[in-house]
Amino acid sequence: MMEALLADNLLAVSTIVPAVIGLGGLGIVFGIVLAVASERLAVKVDARVKQVLDILPGINCGACGQPGCEGYADNVVAGKAAPTLCAPGGPEVAQKIAEVLGLAVEAGERLVAFCHCKGGKDSEWKYDYDGIPTCGAAALIAGGPIACNYGCIGFYDCIAACKYDAFLIAPNGMPVVNAEKCVACKACVNACPRGLFELVPISRKVHILCSNLDKGKAVKDVCQVGCIGCTRCVKKCDNGQISMKDGLAVIDYSKGEVNIEAVESCPVGVIHHYAYQDPITWQPPVKEALKGAAEPVQSA
Amino acid sequence: MGIGEAFTILISTIFVYNFVLSRFLGLCPYMGVSKDTSSAIGMGMAVIFVMTLASAVTWPVYRFLLAPSTSNLWYRLFGGSPADYDLTRVLRTISFILVIAALVQFVEMFIRKASPGLYRSLGIYLALITTNCAVLGVAVLNIDMFFQNAQPVPGSYLKSILQGFTAGVGFTLAMVLMSSIRERLEIADVPEPLRGIPIALIVASIMSMAFLGFAGLI
Ligand code: SF4
Ligand code: SF4
């Protein structure tokens with residue numbers, strides 16, 4: 001009885017032995033192959049890459065021009081990229097990387113994103129848009145629903161792209177970067193289909209709030225506050241900070257702050273003295289702020 | 001294996017018995033890696049590769065180590081009757097898992113050495129495939145379909161490899177379809193409770209019903 005039960009339920013010895021040897025054998029064979037392979041195929045990594053990677057913030061934002069922190073670490077160690085390109089890390093990280101690599105860094109000024117448009121709620125619409133509520137989608141249809149082909153569409157793709165909650169919305173509906181939180185990751189620069197954002201040095205207070213490249217008349221047709229390309233500001237500049245590019249005034253931020261005469265010469269008021277700590281009002285006291293010109297209105 | 005048979009395998013694994021949509025294998029990568037099309041394609045390529053290799057390697061393991069036939073290694077060594085050495089029941093799953101895991105490890109090392117760029121884009125997906133049931137599924141199905149009474153049917157080995165490859169292609173197709181839909185869903189006005197995985201599962205079920213329409217093809 002007992003024996004019959006055993007015979008029914010137990011695997012025959014002839015099964016167990018090959019099973020154990022077979023599986024064990026497979027395991028050993030694969031183990032050896034893998035062990036040999038790991039020796040032969042070992043990839044040598046520069047230990048400094050790991051060190052640099054540990055220093056980097058690891059948010060893979062892409063501001064350095066690489067898809068992720070790993071790529072940047074590789075490039076820095078290989079000497080293909082400067083140690084200062086990590087915007088979120090800022091000077092601190094640049095300093096640490098430079099220490100690891102034994103390089104000297106000259107710290108650049110901190111950058112923040114700035115949106116070159118003033119349109120907002122006052123913009124005129126070409127047609128009623130009732131599609132996917134993103135700027136990217138809207139911009140695809142007949143040049144976008146906004147009369148100005150260069151202006152803010154206002155579905156806030158920029159705000160959605162910002163991982164640092166660095167936006168405020170001005171009373172006129174325009175997205176405004178909060179300089180204190182912005183880490184210059186360029187997410188908004190890439191997200192805006194109109195290319196309205198630029199990274200600017202944080203100490204600069206005067207900006208041109210328009211991106212329209214059309215001629216004066218065409219600009220007037222679609223926007224009351226757009227740059228008409230009259231070149232008055234260019235003439236008033238004391239150091240050539242403003243120049244005309246395709247009928248649009250642009251500021252060369254490396255040439256120092258724009259003087260107050262140039263700001264005030266604009267007939268449409270598109271050149272703003274912009275106080276970062278007070279973006280909600282959008283109407284900082286231009287004159288007073290610039291009179292104390294030497295000290296910036298705020299330093300974040 | 002004639003052209004006709006090859007074509008039948010192709011149609012049946014890609015459309016009629018699509019691994020994801022009809023057999024419900026490999027659902028975790030299907031849900032987990034289908035958020036954007038580029039990673040879906042990366043995962044798909046890695047799966048095609050591993051499925052084809054796994055089919056090529058598990059077939060001889062079954063034929064010469066596990067199946068109770070006259071070409072069984074143990075039978076050759078120790079004699080007796082082939083039926084004594086039927087290891088299918090006890091060893092099939094575990095030995096296939098072992099084979100696939102080792103294979104994936106090896107492939108990972110190899111790609112890392114040979115093509116760092118590819119490694120970086122596939123890296124994590126490759127490792128994930130070790131635990132992808134669709135790969136084990138195709139290995140087991142090859143055995144079920146292309147062996148009769150432990151004897152390989154004509155052209156069995158080639159058919160297994162082809163089925164491994166096409167199963168991977170079917171998996172990739174499902175992944176890419178799903179990821180395209182999910183990319184669109186991201187910006188759609190989906191009711192709050194359904195956002196994310198719930199709506200993806202609903203989409204998956206609808207897609208799977210759509211693929212049922214191919215049933216008459218074979
Ligand atoms: S993404 Fe550009 S167009 Fe859209 S809201 Fe932001 S600034 Fe305006
Ligand atoms: S996305 Fe946000 S943090 Fe990044 S640059 Fe724009 S405002 Fe600054």
Side-chain angles (χ1 to χ4, degrees), chain A residues 9-46 49 53 60 66-75 78 130-140 155-157 160-161 191 193, chain B residues 38 57-58 60-62 64-68 72-117 119-121 123-124 183-190:
Chain A
N9 288 299
L10 274 184
L11 299 162
V13 174
S14 62
T15 308
I16 294 177
V17 173
V20 171
I21 300 177
L23 195 62
L26 274 182
I28 291 173
V29 169
F30 285 135
I32 292 174
V33 170
L34 285 180
V36 172
S38 75
E39 266 304 309
R40 285 281 167 83
L41 299 178
V43 180
K44 288 200 184 57
V45 266
D46 195 326
V49 172
L53 203 53
N60 299 317
Q66 297 296 321
C69 298
E70 220 180 308
Y72 180 57
D74 279 350
N75 276 0
D130 192 18
I132 301 167
T134 66
C135 308
L140 292 176
F155 288 116
Y156 305 130
D157 282 12
Chain B
S38 60
V57 179
T58 49
V61 168
Y62 177 76
F64 299 112
L65 283 182
L66 309 180
N72 187 305
L73 189 69
W74 313 110
Y75 168 74
R76 288 281 177 88
L77 288 180
F78 304 118
S81 102
D84 289 344
Y85 302 106
D86 183 3
L87 301 180
T88 313
R89 206 158 39 104
V90 284
L91 271 196
R92 186 170 73 173
T93 311
I94 192 163
S95 60
F96 283 9
I97 290 178
L98 184 75
V99 170
I100 293 169
L103 197 65
V104 171
Q105 285 294 312
F106 182 77
V107 168
E108 193 176 338
M109 281 187 225
F110 181 77
I111 294 186
R112 182 157 186 207
K113 177 83 178 178
S115 163
Y119 175 75
R120 209 163 282 162
S121 55
I124 169 170
E183 279 187 356
R184 177 65 181 76
L185 279 178
E186 274 296 299
I187 45 176
D189 194 9
V190 178

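Order of the sequence lines sets the chain letters (A, B, ...), proteins ahead of strands, with each chain counted from 1. Keep in mind that the numbers below use all heavy atoms, side chains included, and drop hydrogens, waters and symmetry copies.
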Less than 4.5 Å apart, side chain to side chain, heavy atoms only: is that true for L103(B) and F30(A)?
no
Residue part contacting chain A, namely of V61(B), when any heavy atom lies under 4.5 Å
side chain
Minimum heavy-atom distance L34(A)-M109(B), with the two atoms named
O-CE, 3.7 Å
Using a cut-off of under 4.5 Å for heavy-atom pairs, which of L77(B), L98(B), D189(B), I94(B) has the most such pairs with chain A?
L98(B)
Separation of E108(B) CD from L41(A) CG (nearest 0.5 Å)
11.5 Å
Rounded to the nearest 0.5 Å, what separates atom CZ in R40(A) from atom NZ in K113(B)?
11.0 Å
Examine whether an atom of A42(A) lies under 4.5 Å from a heavy atom of chain B, and if so say whether it belongs to the side chain, the backbone or both; otherwise answer neither.
backbone
Listing request: all side-chain hydrogen bond (donor to acceptor under 3.5 Å, both in side chains) pairs with a residue in residues 92-104 of chain B, at least two apart in sequence or in separate chains.
R92(B)-D144(B)
Toward chain B, the part of S38(A) with a non-hydrogen atom under 4.5 Å:
both
Set of side chain to side chain contact (heavy atoms under 4.5 Å, CB included) partners for V29(A), sequence neighbours left out:
V33(A)
Would you compute the distance between atom CD1 of I21(A) and atom CG of L65(B) and round it to the nearest 0.5 angstrom?
11.0 Å
Give, as side chain, backbone, both or neither, the part of F78(B) having an atom under 4.5 angstrom from any heavy atom of chain A.
neither
